[in-house]
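Report on one structure; see the data block that follows.
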Amino acid sequence: MSCPDCFSGHVHDGTPKGQVTQLHGLDVYVAEPSGGADAVRGIVIIIPDAFGWEFVNNRILADHYAEKSNYKVYLPEFMGGHAAPAWVVDTMRSLFKTDTLSAWLTKPYHIACAVSAFVPFLYYNRPSKSWPVVESFFAAVRQKEGAQLPIGAAGFCWGGKHTVFLAHGAEVDGKPLINAGFTGHPSMLEIPQDIEKIKIPVSFAMGEHDSAVKPPQVAQIKTILDGKDGLGELKVYYGVGHGFCVRADTKLLQVDRQATEAEDQALDWFNRQFAKTSF
């Protein structure tokens with residue numbers, strides 16, 4: 001999770017419509033369909049990118065999932081207050097400017113700012129520390145809110161690793177923690193072993209120019225999934241890189257369209273997989 005693209009991108013305009021509550025020991029942003037509890041067809045839990053549960057892009061995405069497919073969507077605070085701050089987006093943009101003397105003179109300052117954000121995030125949110133928090137929350141949701149509903153995990157960048165872990169088939173009370181997973185441009189994957197262990201259906205959305213999972217690894221993931229008899233799918237989005245699902249430049253029509261297509265890919269996957277679920 002140390003690539004610059006994990007902390008780069010664009011902050012989106014918009015006002016989240018959901019509510020903040022406490023659930024199973026964590027602060028959680030909750031987005032619900034307009035039809036209320038009776039309209040809920042399943043639960044989707046978003047495991048976010050480095051910018052965490054308060055990042056406006058992630059909350060707007062949760063709203064979209066709820067509005068488009070009648071899912072109750074949870075966006076929990078899995079990072080214990082150590083998400084990357086949103087100002088890092090501007091810092092990274094300044095860090096890579098080279099067109100003026102001022103850009104070069106201020107580079108040491110921007111490097112120091114970036115390091116001050118990266119190091120705490122990477123230390124406090126390493127998988128060995130964060131995975132037990134994620135697993136515990138999913139187990140609690142399965143036992144309570146999701147006892148009679150299908151559950152999906154949607155993980156982005158940092159959250160992608162955890163989604164793949166969940167797809168290895170962890171259970172509570174004899175039930176899988178998730179019924180399906182979706183991940184957009186995951187990071188920190190150990191390939192092939194993380195993919196070979198997948199037992200729960202997972203859909204992958206990958207950017208052609210992803211710096212965290214490069215084309216040979218994308219091809220390797222696809223080959224493994226193709227051998228799992230319907231347990232996975234992978235779509236490559238051309239012309240975009242790491243982070244396009246959640247931090248796309250919405251002013252660029254093609255990039256914005258591909259981010260929306262990835263959003264719809266996730267919902268179509270959950271719709272299809274949840275339809276196979278019975279309780």
Side-chain angles (χ1 to χ4, degrees), residues 16-49 52-55 58-83 125 127-156 158-183 198-203 266-267 269-279:
K17 300 175 182 178
Q19 303 293 324
V20 172
T21 188
Q22 273 237 334
L23 187 67
H24 308 307
L26 299 180
D27 289 328
V28 182
Y29 177 81
V30 182
E32 300 185 79
S34 57
D38 291 341
V40 172
R41 301 191 298 137
I43 295 171
V44 173
I45 302 172
I46 294 178
I47 315 175
D49 64 354
W53 81 295
E54 292 183 299
F55 190 44
N58 292 327
R59 292 190 172 191
I60 290 172
L61 180 66
D63 291 346
H64 289 177
Y65 280 8
E67 292 165 3
K68 287 184 175 182
S69 289
N70 285 340
Y71 293 135
K72 189 166 191 174
V73 184
Y74 296 140
L75 173 57
E77 163 57 302
F78 286 130
M79 299 176 180
H82 297 289
N125 296 300
S128 61
K129 185 175 179 65
S130 56
W131 167 242
V133 178
V134 172
E135 183 181 32
S136 176
F137 184 85
F138 273 83
V141 171
R142 172 57 82 197
Q143 290 175 306
K144 297 184 182 297
E145 295 81 8
Q148 298 298 321
L149 288 171
I151 298 174
F156 301 90
W158 176 85
K161 174 84 167 182
H162 299 80
T163 297
V164 172
F165 275 0
L166 288 162
H168 291 170
E171 296 184 347
V172 63
D173 298 336
K175 296 179 180 178
L177 300 189
I178 63 171
N179 300 102
F182 168 83
T183 178
I198 287 175
K199 298 178 182 177
I200 302 291
V202 183
S203 177
L267 295 175
W269 180 255
F270 289 135
N271 292 343
R272 286 186 281 134
Q273 300 304 322
F274 287 1
K276 303 175 185 177
T277 303
S278 59
F279 292 92

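Side chains included, hydrogens not; waters and symmetry mates left out as well; all remaining heavy atoms used.
- In terms of heavy atoms, Val172 sits closest to Ala139 at CG1-O, 3.9 Å.
- In terms of modelled atom types and a separation under 3.5 Å, the side chain of Arg59 and the main chain of Gly18 share no donor-acceptor contact.
- Side-chain contact between Leu61 and Leu75 is absent, with no heavy-atom pair separated by less than 4.5 Å.
- Checked by atom type and distance alone, the side chain of Trp269 pairs as donor or acceptor with a backbone atom of Gly181 at under 3.5 Å.
- Here the closest non-hydrogen pair linking Asn70 and Pro33 is OD1-CB, 3.3 Å.
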Working note: Asp63 + Tyr29, criterion side chain to side chain contact (heavy atoms under 4.5 Å, CB included); need CA distance, chi angles, decisive distance, verdict.
CA-CA 10 Å; Asp63 291 346; Tyr29 177 81; 2.7 Å; yes
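- A distance of 11.5 Å separates CG of Asn179 from NZ of Lys276, quoted to the nearest 0.5 Å.
- Scanning all heavy atoms of the two residues, the minimum distance from Trp53 to Pro76 falls at CB-O, 3.3 Å.
- Between Gly160 and Thr183 the shortest heavy-atom distance is CA-OG1, 3.2 Å.
- Side chains of Ile43 and Phe270 form no contact here, defined as non-hydrogen atoms less than 4.5 Å apart.
- When the shell of 6.0 Å around CD of Gln22 is examined, it contains more than 12 heavy atoms from other residues, nucleotides or ligands.
- One finds the CG atom of Leu149 at 8.5 Å from the CZ atom of Arg142 (value rounded to the nearest 0.5 Å).
- A distance-only check finds a donor-acceptor pair linking the side chain of Glu77 to the backbone of Met79 [under 3.5 Å].
- Looking at residues two or more places apart in sequence or on another chain, you find a side chain to side chain donor-acceptor pair (under 3.5 Å) between Ser203 and Glu233, Gln265.
- At least one side-chain heavy atom of Phe78 sits less than 4.5 Å from a side-chain heavy atom of Ile45.
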I'd like to know whether Trp158 forms a side chain to side chain contact (heavy atoms under 4.5 Å, CB included) with Ile47, so could you lay out the CA-CA distance, the side-chain angles of the two residues, the decisive distance to 0.1 Å, and finally the verdict.
CA-CA 8 Å; Trp158 176 85; Ile47 315 175; 3.8 Å; yes
Please step through side chain to side chain contact (heavy atoms under 4.5 Å, CB included) for the pair Thr163 and Phe182, ending with a clear verdict.
CA-CA 7 Å; Thr163 297; Phe182 168 83; over 6 Å; no
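- A 4.5 Å side-chain heavy-atom check between Ser69 and Arg41 finds at least one atom pair inside the cut-off.
- For residues 65-76, the set of pairs meeting the salt bridge (Lys or Arg N to Asp or Glu O under 4.0 Å) definition, not counting sequence neighbours, comprises Lys17-Glu67, Glu32-Lys72, Lys68-Glu263, Lys68-Asp264.
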Would Leu267 and Tyr71 count as a side chain to side chain contact (heavy atoms under 4.5 Å, CB included) here? Give the steps.
CA-CA 9 Å; Leu267 295 175; Tyr71 293 135; 4.1 Å; yes
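- Nearest heavy-atom pair across Pro176 and Ile200 is CB-CD1, 4.1 Å.
- The two residues His162 and Pro127 make their nearest non-hydrogen contact at NE2-CA, 4.5 Å.
- The line from CD1 of Ile151 to OH of Tyr74 is 9.0 Å long, rounded to the nearest 0.5 Å.
- With hydrogens and angles left out, the side-chain atoms of Gln143 and His24 include no donor and acceptor closer than 3.5 Å.
- Summarising the geometry, atom NE2 belonging to His168 is positioned 10.0 Å from atom CD1 belonging to Ile178; distances are rounded to the nearest 0.5 Å.
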